[in-house]
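Written out below as structure tokens is the structure these notes cover.
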Amino acid sequence: MSAVQHSTRVGIIGGGPAGLMLSHLLSCAGIENLVVEARDRDTIHHTHRAGILEAGSVAMLRDTGVDGRIDTLGDEHSGIDLRFGGESHLLDFRERVDATVTLYAQNEVFLDLSLARERDGGEVYYEATVSELFDVTSARPGFAFTDKEGARHEVRADLIVGADGSRSFTRRWIPEAERTNYTMEYPFAWFGILTEAPKSSPELIYARSDRGFALISQRSETVQRMYFQCSPETSAEDWSEERIWDELQARVAGPDGLELKTGPIFDKTVLPFRSFVRAPLRHGNLFLAGDAGHTVPPTGAKGLNLAFADVKVLFEAIDSWNGAGSRALLDAYSDTALKRVWKAQHFSYWMTSMLHTRADATPFEHARTLGELESVVSSEHGKRYLAEAYTGWPHA
Ligand code: DHB
């Protein structure tokens, strides 16, 4: 059986938030593109991920007409509560860097983008498996995929973008001799829950306790998201609701008597994590964006924001090449994007190491970390740095 042939300008592998945002921006600029995604829409929409959007990410959704559930469902936050030694330290972002973040779940961002692509006639194939890439260093690279009915397709484009997530298939096409992997493993994971309960506090609580880290986040007035540090070998089924609440409560306990508001837990997941960068983010006419090129640990919620920042840089490079015919911005893409990636790697690593506990930590290391937290909350400069990084550096 012969393959269905497609000819387009930009072939995008991966239809999560990064791939769909790029496709949306390109289509708005009149640049033809096609997206293929391995999963079905429902699976992506029901995969729970982080929920904090930097102001720059919110602007990308709002200013490009993705359309507005974020305006009604998003919850703007102007600070976080850093809690350690049983005491809360409220850190106000607006006061320091005149910026806020918006709590809006990543799976809702996906849904909005996917509906916007449908509304605008975007060409997106879900449940489509890419089997190989061709000629990525040539002027007409391509890839082959099988659609959900089992038919084979071949795509030829000017550029191929790999936005296919942390287990990226596409990134293999950057030859081993030309790439460097930077990896950092952590001896812990996060246990994440969704619960039907009211908010426990107005702001998100990032808590370090002797028992490990806990994050008290939110989804709405009636649904809350919480996480606690656990071993990567933890199995979610071994944890009863009672045990989960006891552990979360113990990690935020303090002389102020902070009590979490509890309710039925309807989702439990263990999320392993690591820091990872593959450089460069480009080989010939193949470009990587988002998790395909780098992963951050979740503390500080930089993953999606970083993916959107890549997409912005890449879109502007493609648009400039399309309009002015210059490849200068495309040639600079990897270096430009990696500058922000490494800043975010540092921030995510720093927040993670400062707030989590390690079984092998010496008493010195444990006390030093409390000193580090104290240095942040007692210093205007420390708080400013955290506020600036958390709300997101301006886009390049
Ligand atoms: C959430 C996740 C994070 O990693 C974070 O730093 C803040 C919030 C969340 O899922 O709500």
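Nothing here was measured: the structure is a model prediction, and the numbers come from that model. All residue numbers refer to positions in the sequence shown, counting from 1. Just the heavy atoms: all of them, side chains too, but no hydrogens, waters or symmetry mates, feed the values below.
Scanning all heavy atoms of the two residues, the minimum distance from Ala163 to Ala18 falls at CB-CB, 4.3 Å. Of all non-hydrogen atoms in Ile52 and Ala301, the two that sit nearest each other are CB-CB, 3.7 Å. Shown here for Pro298 and Phe273, the closest heavy-atom pair between the two residues is CD-CG, 3.3 Å.
Gln106 places none of its side-chain heavy atoms less than 4.5 Å from the side chain of Glu108. In this structure, Ile44 and Glu37 have side chains that are in contact, with non-hydrogen atoms separated by less than 4.5 Å. Taking the side chain as every heavy atom from C-beta outward, Tyr390 and Tyr385 never approach each other to under 4.5 Å.
Glu154 and Arg152 are joined by a salt bridge, as a carboxylate oxygen and a charged side-chain nitrogen come within less than 4.0 angstrom of each other. We find that Arg243 and Glu247 are not joined by a salt bridge, their nearest charged nitrogen and carboxylate oxygen being 4.0 Å or further apart. Using a 4.0 Å cut-off between charged nitrogen and carboxylate oxygen, Glu87 and Arg83 do not count as a salt-bridge pair. Salt bridge status for Arg282 with Asp331: present, with a side-chain N to carboxylate O gap under 4.0 Å. Ion pairing between Asp135 and Arg140 fails under the 4.0 Å rule for side-chain N and carboxylate O. Taking the charged nitrogens against the carboxylate oxygens, Arg96 and Glu388 have no contact shorter than 4.0 Å, which rules out a salt bridge.
Taking hydrophobic clusters as Ile, Leu, Val, Met, Phe, Trp and Tyr residues chained together by side-chain heavy-atom distances below 4.5 Å, Tyr104 does not share a cluster with Leu111. Under the 4.5 Å side-chain heavy-atom criterion for Ile, Leu, Val, Met, Phe, Trp and Tyr, Ile216 and Leu91 are members of distinct hydrophobic clusters. Residue Tyr126 is grouped with residue Ile12 when hydrophobic side chains (ILVMFWY) are merged at heavy-atom distances under 4.5 angstrom, including chains of intermediate members. In the hydrophobic clustering of this structure, Leu370 groups with Val376; members are Ile, Leu, Val, Met, Phe, Trp, Tyr whose side-chain heavy atoms approach within less than 4.5 Å, directly or through other members. Phe276 and Trp350 fall into different hydrophobic clusters, where Ile, Leu, Val, Met, Phe, Trp and Tyr side chains are chained together by heavy-atom contacts under 4.5 Å.
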Inset, instruction - Could you check Trp321 against Tyr333 for ring-ring contact (aromatic ring centres under 6.0 Å, His included), going step by step and ending with a plain yes or no? - result: CA-CA 12 Å; Trp321 167 61; Tyr333 167 70; over 10 Å; no

- Would you please test Asp238 and Lys268 for salt bridge (Lys or Arg N to Asp or Glu O under 4.0 Å) and show each step? CA-CA 11 Å; Asp238 294 345; Lys268 304 190 272 189; over 6 Å; no

Query - Candidate pair Phe213 and Phe228, rule ring-ring contact (aromatic ring centres under 6.0 Å, His included), full reasoning - result: CA-CA 6 Å; Phe213 171 71; Phe228 62 91; over 10 Å; no

*asked:* Set out, in order, the CA-CA distance, both residues' side-chain angles and the distance that settles ring-ring contact (aromatic ring centres under 6.0 Å, His included) for Trp342 and Tyr182, then state yes or no.
replied: CA-CA 11 Å; Trp342 280 112; Tyr182 301 86; 5.3 Å; yes

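No donor-acceptor pair closer than 3.5 Å links the side chain of Ser27 to the backbone N or O of His24. Under a 3.5 Å cut-off, the side chain of Asp164 and the backbone N or O of Phe169 do form a donor-acceptor pair. Side-chain atoms of Asn33 come within 3.5 Å of backbone N or O of Ile31 as a donor-acceptor pair. Remark: side-chain polar atoms of Thr137 are not paired, donor with acceptor, to backbone N or O of Gly284 under 3.5 angstrom. Of the possible polar contacts, none joining the Arg225 side chain to the Ala50 backbone as a donor-acceptor pair under 3.5 Å is found. At distances below 3.5 Å, not a single donor-acceptor pair connects side-chain atoms of Glu149 with backbone N or O atoms of Ala151. Judged by distance alone, the side chain of His294 and the main-chain N or O of Ala307 form no donor-acceptor pair under 3.5 Å. Put simply, the side chain of Thr391 never gets that close to the backbone of Val101: no donor and acceptor are under 3.5 Å apart. A donor-acceptor pair is defined here as one N or O able to donate and one able to accept, closer than 3.5 Å; such a pair exists between the side chain of Ser200 and the backbone of Lys261. In this structure, Asp120 contributes its side chain and Gly122 its backbone to no donor-acceptor pair below 3.5 Å.
Of the candidates Arg49, Arg167, Arg171, Asp291 forms a salt bridge (Lys or Arg N to Asp or Glu O under 4.0 Å) with just one, namely Arg49.
Aromatic ring centroids of Tyr125 and His153 lie under 6.0 Å apart.
Within 6.0 Å of atom CD in Glu380, more than 12 heavy atoms from other residues, nucleotides or ligands are found, so the atom counts as buried in its surroundings. The number of heavy-atom neighbours closer than 6.0 Å to CZ of Arg211, taken from other residues, nucleotides and ligands shown, is 12 or below. At most 12 heavy atoms of other shown residues, nucleotides or ligands fall within 6.0 angstrom of atom CD in Glu176.
There is no side-chain donor-acceptor pair under 3.5 Å between Asn107 and His46. Glu242 and Ser240 are not linked by any side-chain donor-acceptor pair at a separation below 3.5 angstrom, with hydrogens and angles left out of the test. Under the 3.5 Å distance criterion, with hydrogens and angles disregarded, a donor-acceptor pair is assigned to the side chains of Asp81 and Ser88. Looking at Ser23 and Arg117, their side chains do bring a donor and an acceptor atom within 3.5 Å of each other. Side-chain contact of Arg41 with Ser114: a donor-acceptor pair under 3.5 Å is present, judged by distance alone. Under 3.5 Å, the side chains of Tyr349 and Tyr186 contain no donor-acceptor pair of N or O atoms.
Rounding to the nearest 0.5 Å places CE of Met226 at 10.0 Å from CG of Leu204. Atoms CD1 and CD1, on Ile265 and Ile244 in that order, are 4.0 Å from each other to the nearest 0.5 Å. In this structure, the separation between CE on Met354 and OG1 on Thr369 is 9.5 Å, given to the nearest 0.5 Å. Remark: Leu281 CG to Phe287 CZ distance equals 10.0 Å, nearest 0.5 Å. To the nearest 0.5 Å, atoms CG (Asp42) and CD (Glu127) are separated by 9.5 Å. Rounded to the nearest 0.5 angstrom, His395 NE2 and Glu54 CD are separated by 6.0 Å.
The aromatic rings of Phe84 and His89 sit parallel to each other, their planes meeting at less than 30°, with 60° as the upper class boundary.
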